[in-house]
Amino acid sequence: MSSLIEFAQTAESIAATSKRTTKALLLGEYFNKLVDEDLITGARFFAGYIFPLRDQRTINIGGAALLTAITTIANIEKSKYQERLVKLGDPGDVAFEVLSDNLKSSELASTLSLGNLFSKLEQLAGVSGTKSKTSLVTELLRIATPLEAKYIVKLLAGDLRIGLKEGAVEDALARLFKVPVAKVQWVNMLTGDIGETAILARHHRLEQAKMRLFHPIKFMLASPADDLTEVTKQMPQGFAVEDKYDGIRAQVHIGGGKRQDSLHGTVINDCRVALFSRTLDEITWTFTDLIEPLAQLISDDTDNGLILDGEIVPIRGAKILPFQELQKRLGRKQVKQELIEEVPVAFIAYDILYANNSVLIEEPLKERRTILDSLRLDTEKVKRGLHKQFDDISGLDAEFAAARARGNEGLMVKDLNSTYKPGRRGKEWLKIKRAIATLDVVITAAEVGTGKRARFLSDYTFAVRQSETEPTLLNIGKAYSGLTDAEVTEISNWCRAHTIQELEHGRVCIVEPKLVLEVTFDRVQPSSRHNSGFALRFPRILRIRTDKPVEEIDTLETVQSLAETTHVNEINVPPNLEAAQEIFKNIISNLDKNQHIVIMHDSDADGVTAGVILQKILQRTGFVQVTRIIPDRERNAWAPSNRDKIKATAPDYLFVLDLGCQSEPVIPGIPTCFIDHHRPEGTPPNSTLITAYTWAPIPNTSLIVYSLCTAITDATDLDWIAAIGTISDLGEKAPFEMLAVTKTKYTAKYLKEATTLINASRRAADYNPEISAKVLLTHNSPRDIVNSTTPEVEQLRSAREQVKVEMEKARKAAPTFAGLVALIRINSPCQIHPLIAQSWRTRLPKYIVIVANEGYLPGKVNFSARTDSGINILDFLRNVGLPEGEGSYGHGHDFASGGSLPITRFYELLSKLGFDPPQPPLISGE
DNA sequence: GGTGTCTGCCCC
DNA sequence: ATTCTGC
DNA sequence: GCAGAATGGGCAGACACC
């Protein structure tokens with residue numbers, strides 16, 4: 001039996017060097033002296049565990065219980081302990097110090113052995129109740145020498161802090177027993193126990209370890225990449241792009257009923273199913289609603305097992321729920337049926353590690369994906385992760401935006417040639433998240449660190465101002481991450497010099513609120529943790545802003561605007577094109593060919609092309625009465641003037657294209673179908689919504705309409721019309737096959753020029769988009785339009801010239817800034833504000849660009865808002881807090897919106913955005 | 001029974 | 001989770 | 001490039017205390 005003191009002494013000498021090879025050597029020498037039983041324990045302890053990884057037991061002892069135990073034995077005040085802890089930064093070091101000062105403990109002889117300690121720790125895990133646990137710890141520490149106590153405390157605190165973890169133990173074992181380190185890692189992964197691995201290595205039995213179903217293996221992890229060039233550099237051979245889901249990483253084991261040898265999982269219909277979390281904890285019972293759907297993946301007559309890697313995601317219908325919803329299901333003793341219904345989940349599989357009796361982790365991702373694709377992964381509860389293969393990064397920005405629009409965090413980019421490397425965080429998997437915004441905040445308090453940061457005030461609480469006018473500071477988060485050691489030292493010294501008040505024995509210092517930091521984060525969420533009512537998810541510091549005075553830090557209003565308080569409401573939407581086509585077919589087959597069908601569509605190229613395609617197809621399939629209507633310049637189907645227009649036609653059935661969807665009926669009593677790609681805000685009764693808002697990537701409306709029509713008849717002769725809408729809305733590089741096909745068929749040049757012409761009519765001062773519709777209806781190709789000499793096309797040409805002239809004038813307008821917003825004011829009868837906004841968005845990527853046009857409609861301001869900042873404009877505008885009233889704004893896309901408001905209301909909006917005071921309206925013609 | 005504190009190789 | 005640092 | 005260390009927020013459970 002080896003003594004604990006030897007373990008402690010070895011740990012001391014390992015801690016004394018920073019050289020990894022020396023550490024491994026010292027550890028090897030120690031291991032060499034141990035008998036098998038002690039080697040198991042010693043290896044586990046040095047890896048920082050008490051129990052093997054796959055063991056589900058926990059100790060449930062932390063800093064508070066250790067404080068009680070140590071102060072009892074050393075017979076000191078709690079405050080003395082806390083003072084020491086503040087100074088030393090490690091409860092183990094404190095134990096050593098105070099017990100050395102204690103006569104009884106310092107004179108003890110070492111009696112504890114490794115095995116001895118382990119059985120006491122097992123006992124500790126076995127009892128329940130803080131009191132009994134604390135008294136067990138107290139008795140244990142009472143018979144320990146100061147040095148032994150130091151390491152017992154470190155083990156209980158969960159961290160040895162000697163610059164060595166499990167990986168280094170593997171390394172030491174490999175060196176000692178002269179076997180390849182990869183082999184040791186492999187066996188450790190399979191066994192899930194570094195202790196058992198050590199024994200197998202010593203007795204040259206590493207080959208015996210086999211991958212077994214229902215024994216989880218470690219997960220392959222990804223490295224962060226914020227720069228797409230890294231993708232090009234790392235994966236020149238091609239890569240896969242997948243959504244990064246915000247859920248819980250899970251490994252699913254599914255096996256035939258004959259395998260009854262395992263403790264993990266549960267058997268259903270002769271099939272065993274188990275789920276494991278990233279820390280290899282079994283979470284089968286947390287997600288009981290997934291068991292049966294997963295079991296279905298295996299046909300009853302086979303005994304073949306499966307291991308899948310994926311993510312458990314909270315999802316209702318097509319809508320992905322916030323991660324916090326999912327957390328409500330975690331760590332529960334029992335997950336009740338109500339909770340299962342309140343937070344439905346699905347398992348989204350994106351990798352396969354075992355199938356057909358063979359281990360697949362040595363196969364390249366490309367192969368594994370092919371095998372995964374052969375499974376039936378298409379139910380409500382078990383899905384296949386989105387996966388596309390690329391050769392270059394040109395489409396990645398669009399993929400990223402689409403992933404975000406689906407409610408996911410970002411993208412995963414994976415090397416198609418890479419094998420699955422358990423437990424590794426390599427560059428073969430990259431995660432792309434992109435911070436959404438930054439905040440300038442001021443440090444209000446600093447806390448001393450632990451471990452090597454014990455000498456510094458290394459953790460900073462920071463605040464924002466209540467408002468521009470109210471200087472009260474409200475805390476919003478804490479961080480140290482992102483600072484270099486030098487910066488931590490610098491800020492620490494500054495905080496010491498500017499401390500106003502010390503709390504908790506100097507652990508917390510309230511400091512003068514003067515030092516400004518720029519921080520970033522993944523998301524702002526409502527929270528009771530800080531007095532601002534908000535907290536940051538994954539906060540980190542970008543830089544110290546010594547250039548910025550406290551008066552200029554961000555305000556609570558900014559924070560509110562960044563908070564994700566709104567969600568796409570519970571609207572039933574088709575999850576993909578196939579589902580949408582089914583719905584559309586159904587609608588068409590239920591309509592009578594003699595009914596009056598009315599189509600109201602938007603006036604831009606996307607809307608007009610969508611309307612024309614639908615009109616042509618309806619007529620082609622035998623409908624005799626089809627009317628198209630274009631809304632007035634407000635482009636709002638719910639505006640009274642437009643409603644009147646529709647009513648006047650006395651429709652039997654109404655299609656509303658590219659104009660959004662709200663919960664109020666357009667014409668009460670008239671059945672309506674909305675076809676759209678904006679964020680839906682509700683659905684009226686007696687209506688159908690076909691929206692692509694949740695699809696990936698999001699197509700434009702003319703493309704949706706075209707694709708729907710192909711489901712009922714041949715429409716290929718209208719492909720160029722759809723392409724014009726797509727180019728107008730999404731650009732000529734939009735990631736759709738149809739676009740590429742039409743570009744070769746009609747040439748990109750003609751398509752582009754036709755698009756400009758079709759768009760010109762609604763931008764010109766004498767708003768008349770019906771001309772564009774007429775041109776589309778009377779021509780047969782984009783080339784036909786471009787070369788046409790009809791009066792309508794001539795009209796479009798002169799409209800285009802007019803827009804060009806107006807654009808030249810408006811380009812000279814300079815932005816003014818307030819908070820997150822860059823405002824450009826123009827005065828033009830033409831609808832050029834969206835074009836101007838588009839041109840500024842890339843030049844001001846950190847701002848929300850708002851281009852306000854005061855000359856478009858008399859008495860009104862029409863504005864376009866665009867951003868590349870990642871801030872969701874729909875949420876932003878909704879959170880500005882403009883009271884209800886005349887006009888409308890804040891509909892559309894996450895990063896492209898706008899509105900039309902009476903002048904006074906627009907000025908009210910401006911002042912809420914921080915522009916003050918609003919200037920008088922510009923004189924027309926200026 | 002309500003509230004506050006501590007804990008989790010928790011989950012991210 | 002994120003980030004920096006020493007090997 | 002990797003492993004180690006030090007740090008964030010939110011949730012449920014278990015208990016202590018009132």
Side-chain angles (χ1 to χ4, degrees), chain A residues 17-23 44 47-65 67 89 128-134 155 157-168 170-171 221 223-224 234 245-250 277-281 283 286 311-312 322-335 339 409 423-427 431 433 435 447 449-454 456 458-461 476-488 519-530 534-542:
Chain A
T17 173
S18 63
K19 301 230 179 333
R20 296 217 285 238
T21 43
T22 314
K23 284 176 194 281
R44 281 180 196 158
Y49 316 139
I50 291 170
F51 300 116
L53 194 48
R54 61 154 194 274
D55 200 309
Q56 308 296 312
R57 285 177 288 183
T58 58
I59 297 280
N60 277 293
I61 281 291
L67 177 145
S128 72
T130 314
K131 277 187 171 167
S132 18
K133 277 180 192 287
T134 309
L155 275 171
D159 219 341
L160 251 37
R161 273 203 274 239
I162 54 171
L164 175 146
K165 281 198 161 172
E166 191 171 11
E170 289 171 340
D171 189 39
L221 305 170
S223 299
Q234 296 292 339
Y245 300 98
D246 193 6
I248 290 172
R249 187 79 182 270
S277 75
R278 220 186 81 169
T279 45
L280 309 193
D281 288 294
I283 50 172
T286 310
E311 195 92 358
I312 296 169
F323 177 74
Q324 266 163 269
E325 293 296 308
L326 186 56
Q327 270 187 296
K328 290 178 187 160
R329 286 187 62 162
L330 298 178
R332 293 247 185 194
K333 283 223 130 162
Q334 241 197 332
V335 178
L339 191 61
E409 275 190 302
R424 293 304 187 80
R425 188 187 297 280
K427 297 266 184 179
K431 53 178 155 186
K433 288 174 69 163
E447 291 171 35
T450 59
K452 64 181 177 186
R453 290 200 202 287
F456 304 105
S458 68
D459 190 13
Y460 312 107
T461 304
I476 189 176
K478 288 198 331 177
Y480 103 95
S481 186
L483 295 174
T484 63
D485 284 1
E487 287 168 322
V488 170
V519 297
T520 189
F521 44 85
D522 271 28
R523 129 181 353 174
V524 181
Q525 52 205 26
S527 159
S528 58
R529 174 170 290 268
H530 303 291
F534 292 96
L536 309 178
R537 193 186 191 204
F538 309 147
R540 60 260 193 199
I541 298 166
L542 287 181

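First the proteins, then the strands, lettered A, B, ... as listed; each starts at 1.
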**Request:** Flag the pair A:F456 / A:D485 as yes when at least one side-chain heavy-atom distance between them is below 4.5 Å, and no otherwise.
**Result:**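 A:F456 does not reach A:D485 side chain to side chain.
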
Listed partners of [X] passing side-chain contact (heavy atoms from CB on, under 4.5 Å), at least two apart:
X      : result
A:L542 : A:T438, A:E518, A:T520
A:T22  : A:T17, A:K19, A:L26
A:K133 : A:N60, A:I61, A:L124, A:V127
A:R249 : A:F219, A:L221, A:R278, A:D309, A:E311, A:Y350, A:Y420, A:W429

With [X] via salt bridge (Lys or Arg N to Asp or Glu O under 4.0 Å) - residues at least two apart:
X      : result
A:E487 : none
A:D171 : A:R175
A:K433 : A:E409, A:D522
A:R54  : A:E196

**Base-pairing string, 5' to 3', of DNA chain B - Watson-Crick or wobble, under 3.5 Å, | interstrand** = ||||||||.|||

So what does [X] hit on the nucleic acid, given a heavy-atom distance under 4.0 Å: a base, only sugar-phosphate, or nothing?
X      : value
A:I50  : nothing
A:K133 : nothing
A:Q234 : sugar-phosphate
A:L164 : sugar-phosphate
A:G48  : nothing
A:I312 : nothing
A:K433 : sugar-phosphate
A:T21  : nothing
A:I61  : sugar-phosphate

**Asked** Could A:R523 and A:D246 be called an ion pair, given the rule that one side-chain N must be under 4.0 Å from one carboxylate O?
**Response**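 Salt bridge between A:R523 and A:D246, a charged N being under 4.0 Å from a carboxylate O: yes.
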
**Asked** Got a salt bridge between A:R57 and A:D55, using NZ or NE/NH1/NH2 to carboxylate O under 4.0 Å?
**Response** yes

[atom1] gap between [N] and [M], integer Å:
N      : M     : atom1 : result
D:dG10 : B:dG8 : C1'   : 12 Å
B:dC6  : D:dG8 : P     : 16 Å
B:dT5  : B:dC9 : P     : 23 Å

**Request:** State the syn/anti category of B:dC6 according to its glycosidic angle, syn meaning within 90° of 0.
**Result:** anti

**Message:** If the condition is side chain to side chain donor-acceptor pair (under 3.5 Å), which residues does A:K478 pass it with, not counting sequence neighbours?
**Reply:** A:E447

Could you give the [atom1]-to-[atom2] distance, from [X] to [N], as a whole number of Å?
X      : N     : atom1 : atom2 : result
A:Y480 : D:dT7 : OH    : C1'   : 5 Å
A:K19  : C:dT5 : NZ    : C1'   : 14 Å
A:R425 : D:dG4 : CZ    : C1'   : 12 Å
A:D159 : D:dT7 : CG    : C1'   : 12 Å
A:L221 : D:dG1 : CG    : C1'   : 15 Å
A:R20  : D:dC2 : CZ    : P     : 11 Å
A:L483 : D:dT7 : CG    : P     : 12 Å
A:D522 : D:dG8 : CG    : P     : 16 Å

**Prompt:** Any donor-acceptor pair under 3.5 Å joining the side chain of A:S481 to the base of C:dT2?
**Reply:**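 Answer is yes: a donor-acceptor pair is held.
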
**Request:** If a protein heavy atom is under 4.0 Å from the base, mark B; if only from the sugar-phosphate, S; if neither, -; do that for nucleotides 9-15 of chain D going 5' to 3'.
**Result:** BBSSSSS

**Request:** Determine: side-chain N/O of A:S458 to OP1/OP2 of D:dT7, distance under 4.0 Å, yes or no.
**Result:** yes

**Asked** Can a side chain N or O of A:R161 be found less than 4.0 Å away from OP1 or OP2 on D:dA6?
**Response** yes

**Message:** If you assign each of A:G449 and A:E166 to its closest nucleotide in DNA chain D, which residue comes earlier from the 5' end?
**Reply:** A:E166

**Complete:** Min and max contacting nt of DNA chain B in 5' to 3' order, chain A heavy atoms within under 4.0 angstrom, are B:dC6 to B:dC12

**Backbone of A:A65 reached by a side-chain donor or acceptor of A:T134 within 3.5 Å** =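 It does not hold such a pair.
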
**Prompt:** Is the side chain of A:R537 donor-acceptor paired with the backbone N or O of A:F521 at a distance under 3.5 Å, no angle test?
**Reply:** no

